[in-house]
Each structure stands twice: as structure tokens, then as C-alpha cells.
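Below: the structure, in C-alpha cells.
Quick note: numbers below take in every heavy atom, side chains included, and nothing from hydrogens, waters or symmetry partners. Protein chains get the first letters and strands the later ones, always in sequence-line order, with residue 1 at the start of each.
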Number of protein chains: 2
Amino acid sequence: MNTAKDKLNSYLEKEGMRRSQQREQILDEFLASKRHLTAEELYDLVKEKYPEIGQATVYRALKLFCEANICRTLNLQEGPARYEAIIGHEHHDHLICLDCGRFEEVVSPRIEELQQKLAEAKGYKLKEHRLVLYGLCSECRS
Amino acid sequence: MNTAKDKLNSYLEKEGMRRSQQREQILDEFLASKRHLTAEELYDLVKEKYPEIGQATVYRALKLFCEANICRTLNLQEGPARYEAIIGHEHHDHLICLDCGRFEEVVSPRIEELQQKLAEAKGYKLKEHRLVLYGLCSECRS
DNA sequence: CTCTATGCAAAACCTTTGCATAGAA
DNA sequence: TTCTATGCAAAGGTTTTGCATAGAG
């Protein structure tokens, strides 16, 4: 049912690590927010419900979630790293408004295909990619 | 002749800022290195020739160069920001080996074109983009 | 002369780590 | 019982900032 929690637990098992309440609580808050949170923002959310959880635990949990393929970090331009859930969230890239910060999730199978070819042409086996488009949204253009 | 220096000076003028020896010296070293330097690496280079230049000045200069469109920051993997000259260096994206860190500069007009369309379809006017492909290079694959 | 740019050191910002202890297996 | 995960605070790595002074216009 909760795929992310399953994924977490099977990753923990595979790695010989232990379960913990904190990690599940942090994961719940992360998934519930449905946003691209920074570690700090997630810590603030988590603190409201579970005030005893420490900041380091949130950082450690996010790192773990990334390793377990539950989330990934976004390489946007400024500020702290942001994390995005992978589960229940198809792969996509980002289109960000330079003016207001609004963003869209976009995807182009054709672009992905060309990326494959580009990598192959250089003798690389493509594993992943990060694409961020920066522009002006319809509102900020006027 | 030295387009980058011209660009710097016209930017300074436009912004009502003053010229300085340090900025030109830092720019010279930056361009001469022809690498994707971090601020620290550039500072080390600069120090050899001009020991009296301070680290903060290098950071301030790099920020300025970005604003003046002389260089741009790369958000490659981890660690500190890296800077890349724009002038005398056509636009390109990066293909990085996850294993050894080796990288290639790549470009695909077709992808750029599709990016335009993707942005337009969402009502955005595309201004720039960052594309980084991660994979395994021919050596690390074997 | 005026006011920006610099150098220095300190601060700020984000993230990781050491250590003693709580808690899972 | 054993050994990982946690919480705290301190340290780490990178970048920015305050302030007095040098230096450009």
C-alpha cells in the first residue's frame, strides 16, 4: 500500500540497517507535503508534529531516502538543496520562471531519446540527467 | 581584441561602477586557465601572481563576471560552484561520468529546439537552460 | 574630494560529524 | 545483549558581509 515505506524498509533490510520511528515519521511528513522541500523546511514541518526529532536526523533521513530511491535532490541554482519524491511521481524536468519562481513539471520523450543518443555518441552509457529550463511565465512576460 | 575585458568594462560603465586592477587581473587568470574553476581554485591561481589580492575579492569578481555575462556557474555534482567562461566558448551542455568524473561538453541543436517548444507550450518564454547528463564513460563501463 | 572596491576577519549559511545514550533486533 | 539510530552541539566547507582604508574618477 504505502510503496515508499515498503521501499524504505526493503532498503533498510538489504543494507542491514534498522527501522526507526523517526525515519517513518519524517518520510510521512515529506510525502504529505507534496512539495520540493529543503531539509530545513522539512525539519520545521516535522518539528511541529514530533518536536523531539533533531535536525541531523532529518538530514540523515533525506540522504537515506535518496539512496533508497525514494526521493532525489534537485540541482536548482541558488540556496539549499531541494528534495523531490520519486514514488508516485513520474520522471520529469523543470521549467522555472526567472521572475516569480513559479515552476512547471515538464517532460519530453523526444528529448530523452536524443539525450540517449548524445551520450552514446560519446561512448557513455546514460544513467540519468538533470534538465532545468529557465524562462518567463505568461504572467511575468506582460 | 580582448572581448571579455571589453564586456566587463562596458558592464561596469552601464552600472556606474569603477574599474579596478584587481578585477582585470582576476579576469585574466580566469580566462587563461581555460578550466571550470571553483572560486577557491581561482583564488589560488591569482594569489601566485598577485599575492595581495584577497579571497573575498575573487568571490566578488566571479559574481560580477556572471552578472556581466562573462561567465556562468555550473551546478555539476557536489562541492563548491564551478565557473565557466562564456566568451569564446559556444553554448554547450555537459556529460559527466559518474564513476571517474571525466566530462564532455556536448550540444544538440535538436534538443535546444525541443526545449523551446516545451517552454512555449506552457506559455513560457525560454531564457536559458541547464542540462547535465550523467553516465558511465567508455573506460568506466568495462 | 567623493565614493566605490579592497583586504581582512568575522559572520552566515548549509550540512556533516563526534559522542553519549536511547532504542531496535 | 548488541549494535544501530538519535539528539545535541560542535565542527566543516563554502560564501557573504562589516568595517576601515586604499584607490578610481
At under 4.0 Å between heavy atoms, how does the protein contact nucleotides 11-17 of chain D? Give one character per nucleotide, 5' to 3', with B, S or -. ---SBBB
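Contact check on R82(A) versus E41(A) returns a salt bridge, with a Lys/Arg side-chain nitrogen under 4.0 Å from an Asp/Glu carboxylate oxygen. Ion pairing between a basic and an acidic side chain is recognised when a charged N comes within 4.0 Å of a carboxylate O; K5(A) and D28(A) show such pairing. Comment: K117(B) does not engage E120(B) in a salt bridge, judged by the lack of any side-chain N to carboxylate O separation of less than 4.0 angstrom.
In E13(B), the CD atom is not crowded: 12 or fewer heavy atoms of neighbouring residues, nucleotides or ligands sit closer than 6.0 Å. Other residues, nucleotides and ligands place no more than 12 heavy atoms under 6.0 Å from the CD atom of E139(B). Counting heavy-atom neighbours within 6.0 Å of E52(B) CD, excluding the residue itself, gives a total above 12. Within a 6.0 Å sphere centred on CD of E67(A), heavy atoms belonging to other residues, nucleotides or ligands number more than 12.
Taking CG of L131(B) as the reference point, atom CG of L118(A) lies at 8.0 Å (rounded to 0.5 Å).
Contact check of residues 43-51 of chain A against DNA chain C (heavy atom, cut-off under 4.0 Å) returns no residues at all. DNA chain D is contacted by R18(A), S20(A), Q22(A), R23(A) of residues 18-25 of chain A, taking any non-hydrogen atom closer than 4.0 Å.
First and last contacts of DNA chain C with chain A, using any nucleotide atom under 4.0 Å from a protein heavy atom and ordered 5' to 3', fall at dC14(C) to dA25(C).
Partner of E84(A) under the side chain to side chain donor-acceptor pair (under 3.5 Å) criterion, out of H92(A), R35(A), K34(A): H92(A) alone.
Take A119(B) and apply the side chain to side chain contact (heavy atoms under 4.5 Å, CB included) test, not counting sequence neighbours, and it matches L95(A), Y124(B), L126(B).
Between the two ends of the helix from dC1(C)-dG25(D) to dA25(C)-dT1(D), each summarised by a five-pair axis, the helix axis turns through 30° (rounded to 10 degrees).
Using a distance-only test at 3.5 Å, with no hydrogens or angles considered, no donor-acceptor pair links the side chain of T57(A) to the main chain of I53(A).
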Intermediate values then yes/no, side chain to side chain contact (heavy atoms under 4.5 Å, CB included), K7(B) and N69(B): CA-CA 8 Å; K7(B) 204 158 183 177; N69(B) 244 289; 4.0 Å; yes
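Separation of the H94(B) and H129(A) ring centroids does not fall under the 6.0 Å cut-off.
Taking 4.5 Å as the limit, some side-chain heavy atom of C66(B) sits within range of a side-chain heavy atom of T73(B).
Under the 3.5 Å distance criterion, with hydrogens and angles disregarded, a donor-acceptor pair is assigned to the side chains of H89(B) and E105(B).
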